[in-house]
*Asks:* 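I am attaching a structure below and will ask some questions about it afterwards.
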Amino acid sequence: MKIAMPIEKGIRKTENILLFIGVGTLLLMMFLGAGDVLGRYLFNHPIKGALEISQLMMAGVALLCWGYTQAIKGHINIEILLVRYPVRVQSFINLFSLILTIIIFGLITWQSTLIALETMKQSRMLENIPLPLFPFKFMVPVGALVLCLESTIQLIQLVIGIKRGKS
Amino acid sequence: MVFSEFSGIIVLIIFFLLVFQGIPIGVGFATAGFVGLVWARGFDAALSILGSVPYTWASSPMLIPMPLFIFMGFLAFQSGISRDLYEATSKWLSRLPGGIAIATTVANAAFGAICGSAQAAAAAMSPIAFPEMEKRKYDRRLSTGSLAAGGTLSFLIPPSIPFILYGVLAEVSIGKLFIAGIIPGVVLCGIFSITIYGMCKRNPDLGPVGSSFTWREKFASLKGAWGMIVLFALVMGGLYLGVFSPSEAGAIGAFGAFVLGIATRRLTFSGIVTAAKDSARIVCFVMTIIIGAWIFNTYLGVSGFTTSFSEWVYALPVSRYVILTFLIVIFILIGMFLDIAAILLLTIPTIAPIMVNLKFDLVWLGVLLILLQCLGFISPPIGLNAFIVQGVTKVSAETVFRGSTPFIIGMIVCIILIILFPQICLFLPGLMK
C-alpha cells in the first residue's frame, strides 16, 4: 500500500499534465484555424500547413486525454441492464470491463509503439512542415498507456472493494 | 449461410452482449472487431489494424470541425448565452398559453444554433427554465417533456455533431448537411410549439399564461443574444456561400464565441478552462467510439459481411420504400438503446452505399436518420435527454417520459413530412454554391 500510493499519485499527475497539454492544444487549434482564415481573407496570406497542424492537434486533444477521461469515467456505456443486477454481480461486470479495457488498450500501446518506432527509423517527415512525424505518432502509445495505468488503479481498487465486501 | 454472414452475425452478437452489460461502447466495438479480425485474417493482421487505426482517425482532416464546434458550444454556454436566450424568448412569448414552455423550446432551438449537442442543450436549459415553470405552476409533465424534447433540436439545427459524423461516414458534404438541417429544425420547433399551445389552450391549467412585458423590455431582452445571432449568421452564411470549409467555419465559430465572451466580460479564465476541459472530454470519448467502431467496421469489410449484406438487400423482391420503412423501424429500435455516435458508426458504412444504389439522396437520408435518433433521446428505456432533465429537475423519470409523449408524436409528424416532402431538407442545399 505504501508503494501503491505514490504510484497512483504519479499516474494522476501524468493524467493532469496530459489534460493540460490537451486543453492548451485545443485553444491553439482554435487560434490557428481562425488565424489561417483571417490571414487568407484579410491579408491574402494563409498560415502554411495549418490544416496538417490542426490534424495533429486534434489527435493530441483526443489521445492525450484518454487517461483523464477514464479517470472521471467519461467513456460512455449503457447501464440499462447493469443497474438491475445485484451489487456483487455489478462489481464483477465492472471488473470484466476493466480487464477488457486494459487488454485492448495494452495491445494498442504495444502495436502503436512499434509503428511509432518504425516511423522514427524511417525518418519520415510531415508533408508541409519540416518536422519529423514520429513524436506525433507517439501520442497514441502515451495516451493508451496512461489509460491502461488508470484502468489498473481502478481495477485494484475494485478488487480491494470486493474483498472487503463493498460495492 | 456463408462464412462471412455467419461470422458477421456472431461478431455483432458479441458486440451487443458486451455493450448491454455496461462495457464502454468504444471498448465493446474494438473487442468485437478485434475478435472478428483474428477469426477472419489471423492474429498478426488483427494486431496491425489495432495499432494503426487510432492515429489514422484521431488525425483525420474530415473530423477537424468536431472539436471546434464542440468548443464553440461550451464557450457560448460559459458566457451565459443560454440564460440570455431564455430571457429573450420568455419576454416575447410568455403571454401565450404555455408561453414559458414555448419560449424554452424556441430558446433551445436558438441555443442549438451555437451548440451541436442535445445533451448539452438539455443540461444548459433545464436549470434555467424549470424553476421558472415551477413558479408559474406549470404541469410537470409538460415542463420536463418540453425541456427534454427541446434539447434534441440541437441535433438538427447546425452546427450538429451527428451531422459531422454522418458526413464523414457517408462521404457527404458536411456543409450541405448543416444547411439541410435548418428548415427541418425550424419545422420541428414549430411543431413542438404548436403542440404546447394546443395542449395549454385546451387545458389552461397545464401552462398558465405568464406576465406581460412592454415593447421596450422585449427589445432590451435581445441585447444579450445579438452577438451569438451574428456569429451564427457569419458561420452558417460563410458555409452556405462557400466562403468557409466546415473546418474553417468551426475555427471561426469557436474564435468568435471566445472573442464575444471576452468582449462582453462574461467569459472568465476559469470559464475558458472549464469549456476546454469539457470539450476535450467529449472529443476524447467520441474519438474512442470512432476508433473502436472503425476496428469493427474494418472487420465487417474484410470478412465480406458488408458485401454479402448489400447483395442480400438488392436481391429482395420489394420496393425501395419497403427497405426504407424497414430501416426506419430498425433505427427507431436501436435508437432507444444505443448512443447516436455508436449507431451511426455501426450502420452508415454498410447502409450508405445500399441507399445510394436504391437512388435515395444521402443528404436527405442523413437528416431523416438524425431525426429518428432524436426520438430515441426522449423515448424509454434509456432516452438520454429525459434522464438529463430528470437529473436536473429531480422529478421522476416516468413523469419526464410521459411528458415527452406528445413531442414524440410531433417528431413522427415531422418525419412523415420529411419523407413526403424531401424538399424540406433539400431546398437550401440545392441553392448552395
Side-chain angles (χ1 to χ4, degrees), chain A residues 19 22-27 29-38 40-41 51-52 54-63 65-66 68-69 72 74-83 90 93-94 96-97 100-101 103-105 107-108 110-115 136-137 139-140 143-144, chain B residues 18-28 30-31 34 47-48 50-55 57-61 63-64 66-68 71-72 238 243-244 247-248 250-252 254-256 258 272-273 276-277 279-289 291-292 337-339 341-342 381-382:
Chain A
L19 172 70
V23 161
T25 307
L26 182 60
L27 274 164
M29 192 178 164
M30 171 186 80
F31 287 125
L32 176 73
D36 182 45
V37 175
L38 295 176
R40 179 178 307 139
Y41 291 109
L51 181 71
E52 196 174 13
S54 294
Q55 286 172 241
L56 301 171
M57 285 178 158
M58 182 175 65
V61 177
L63 302 171
C65 298
W66 257 344
Y68 163 76
T69 309
I72 59 164
H75 290 289
I76 50 166
N77 58 347
I78 297 166
E79 294 185 332
I80 181 174
L81 290 177
L82 192 67
V83 292
Q90 285 185 31
I93 289 175
N94 285 333
F96 175 65
S97 170
L100 215 53
T101 305
I103 293 172
I104 287 293
F105 279 88
L107 291 173
I108 289 176
W110 170 33
Q111 285 301 304
S112 56
T113 304
L114 295 180
I115 292 171
F136 303 102
K137 290 265 182 175
M139 289 191 297
V140 182
Chain B
L18 289 174
V19 295
F20 283 119
Q21 297 307 320
I23 309 294
I25 296 173
V27 177
T31 308
F34 182 69
L47 272 182
S48 153
L50 206 60
S52 62
V53 167
Y55 184 81
W57 278 93
S59 63
S60 162
L63 286 172
I64 290 175
M66 180 183 71
L68 294 166
F71 194 30
M72 175 186 174
V243 178
F244 302 141
S247 305
E248 292 170 340
I252 288 292
F255 183 67
F258 177 83
I272 296 167
V273 174
K277 267 169 90 169
S279 306
R281 175 178 54 84
I282 291 183
V283 171
C284 186
F285 88 65
V286 173
M287 197 62 86
T288 310
I289 296 177
I291 289 167
F337 298 98
L338 263 187
D339 170 72
I382 63 151

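Chain A is the first sequence line, chain B the second, and so forth, proteins listed ahead of strands; every chain is numbered from 1.
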*Asks:* Of all the heavy-atom pairs spanning A:Q55 and B:P61, show the shortest one and how long it is.
*Replies:*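 The answer is NE2-CD, 3.6 Å.
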*Asks:* What part of B:I289 gets within 4.5 angstrom of chain A, counting heavy atoms only: side chain, backbone, both, or neither?
*Replies:*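 Side chain of B:I289 only, per the 4.5 Å heavy-atom cut-off to chain A.
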*Asks:* Chain B heavy atoms under 4.5 Å from A:F105: which part of the residue, side chain, backbone, both or neither?
*Replies:*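 Answer is side chain: those atoms of A:F105 sit under 4.5 Å from chain B.
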*Asks:* With rounding to the nearest 0.5 Å, note down the distance linking CD in B:Q21 to CG in A:L100.
*Replies:*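 Reported to 0.5 Å precision, the distance equals 12.0 Å.
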*Asks:* Based on non-hydrogen pairs under 4.5 Å, which of B:I25, B:D339, B:V283 is most in contact with chain A?
*Replies:*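 That would be B:I25.
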*Asks:* Heavy-atom distances under 4.5 Å only: say whether A:I72 touches chain B with side chain, backbone, both or neither.
*Replies:*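 A:I72 touches chain B through side-chain heavy atoms alone.
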*Asks:* Minimum heavy-atom separation for B:A30 to A:I104, with atom names?
*Replies:*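 That would be CB-CG2, 3.9 Å.
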*Asks:* Where do B:P54 and A:V140 come nearest, in terms of heavy atoms and distance?
*Replies:*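 Closest pair (atom of B:P54, atom of A:V140, distance): CB-CG1, 3.7 Å.
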*Asks:* Might you point out which heavy atoms bring B:S279 and A:L26 nearest each other, and give the distance in Å?
*Replies:*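 In terms of heavy atoms, the two residues are closest at CB-CD2, 3.6 Å.
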*Asks:* As an exercise, state the distance from CD1 of B:I282 to CD1 of A:I76, rounded to the nearest 0.5 Å.
*Replies:*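 Between B:I282 CD1 and A:I76 CD1, I get 10.0 Å after rounding to 0.5 Å.
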*Asks:* For B:F34, is it the side chain, the backbone, both, or neither that has a heavy atom closer than 4.5 Å to a heavy atom of chain A?
*Replies:*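 Contact with chain A is through the side chain of B:F34 alone.
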*Asks:* Side chain from CB out, backbone as N, CA, C, O: work out which of these in B:L338 comes under 4.5 Å of a heavy atom of chain A, or both, or neither.
*Replies:*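 Both backbone and side chain of B:L338 come within 4.5 Å of chain A.
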*Asks:* Going by the rule ring pair (Phe, Tyr, Trp, His ring centres under 6.0 Å), which residues pair with B:F258 if we only count those two or more places apart in sequence or in a different chain?
*Replies:*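 By the ring pair (Phe, Tyr, Trp, His ring centres under 6.0 Å) rule, B:F258 matches A:F31.
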*Asks:* Quick one: which of A:S112, A:A144, A:G74, A:A59 has the most heavy-atom pairs under 4.5 Å with chain B, could you say?
*Replies:*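 Maximum pair count with chain B is reached by A:A59.
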*Asks:* Need one label for A:L63: side chain, backbone, both or neither, based on atoms under 4.5 Å from any heavy atom in chain B.
*Replies:*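 Answer is side chain: those atoms of A:L63 sit under 4.5 Å from chain B.
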*Asks:* Shortest non-hydrogen contact from A:L82 to B:G22?
*Replies:*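 Distance-wise, the nearest heavy atoms are CD2-CA, 4.5 Å.
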*Asks:* Side chain to side chain contact (heavy atoms under 4.5 Å, CB included) between B:Y55 and A:L56: does it pass, once the steps are laid out?
*Replies:* CA-CA 9 Å; B:Y55 184 81; A:L56 301 171; 3.1 Å; yes
*Asks:* Looking only at heavy atoms, what is the nearest atom pair of B:T288 and A:W66, with distance?
*Replies:*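 Reported closest heavy-atom pair: OG1-NE1, 2.8 Å.
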*Asks:* Please determine, among B:M287, B:M72, B:E248, B:M66, the option with the most heavy-atom pairs under 4.5 Å with chain A.
*Replies:*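 The candidate making the most pairs under 4.5 Å is B:E248.
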*Asks:* Dump the intermediate steps for side chain to side chain contact (heavy atoms under 4.5 Å, CB included) on B:I272 and A:L27, then the final yes or no.
*Replies:* CA-CA 9 Å; B:I272 296 167; A:L27 274 164; 3.9 Å; yes
*Asks:* Quick one: do B:L47 and A:W110 satisfy side chain to side chain contact (heavy atoms under 4.5 Å, CB included)? Show the steps, please.
*Replies:* CA-CA 9 Å; B:L47 272 182; A:W110 170 33; 3.4 Å; yes
*Asks:* Would you say the side-chain atoms of A:Y41 pair up with the backbone N or O of B:V243, donor to acceptor, closer than 3.5 Å?
*Replies:*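 Indeed, once roles are kept as given, a pair shorter than 3.5 Å links the two residues.
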*Asks:* If we only count heavy atoms from C-beta on, is the B:V27 to A:H75 side-chain gap below 4.5 Å?
*Replies:*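 The answer is no, as the side chains (C-beta and beyond) never meet within the 4.5 Å cut-off.
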*Asks:* Given heavy-atom pairs under 4.5 angstrom as the criterion, report whether the side chain, backbone, both or neither of A:T69 touches chain B.
*Replies:*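 Side chain of A:T69 only, per the 4.5 Å heavy-atom cut-off to chain B.
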*Asks:* What residue in A:I93, A:N94, A:L51 has the most heavy-atom pairs under 4.5 Å with chain B?
*Replies:*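 Winner by heavy-atom pair count: A:I93.
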*Asks:* Quick check for you: among A:M30, A:M139, A:M29, A:K137, which has the greatest number of heavy-atom pairs under 4.5 Å with chain B?
*Replies:*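 Option with the greatest count: A:M30.
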*Asks:* Partners of A:D36 by salt bridge (Lys or Arg N to Asp or Glu O under 4.0 Å), sequence neighbours excluded?
*Replies:*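 Partners of A:D36 under the salt bridge (Lys or Arg N to Asp or Glu O under 4.0 Å) test: A:R40.
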*Asks:* Tell me, for B:F71 versus chain A, whether the close heavy atoms (under 4.5 Å) come from the side chain, the backbone, both or neither.
*Replies:*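 Side chain of B:F71 only, per the 4.5 Å heavy-atom cut-off to chain A.
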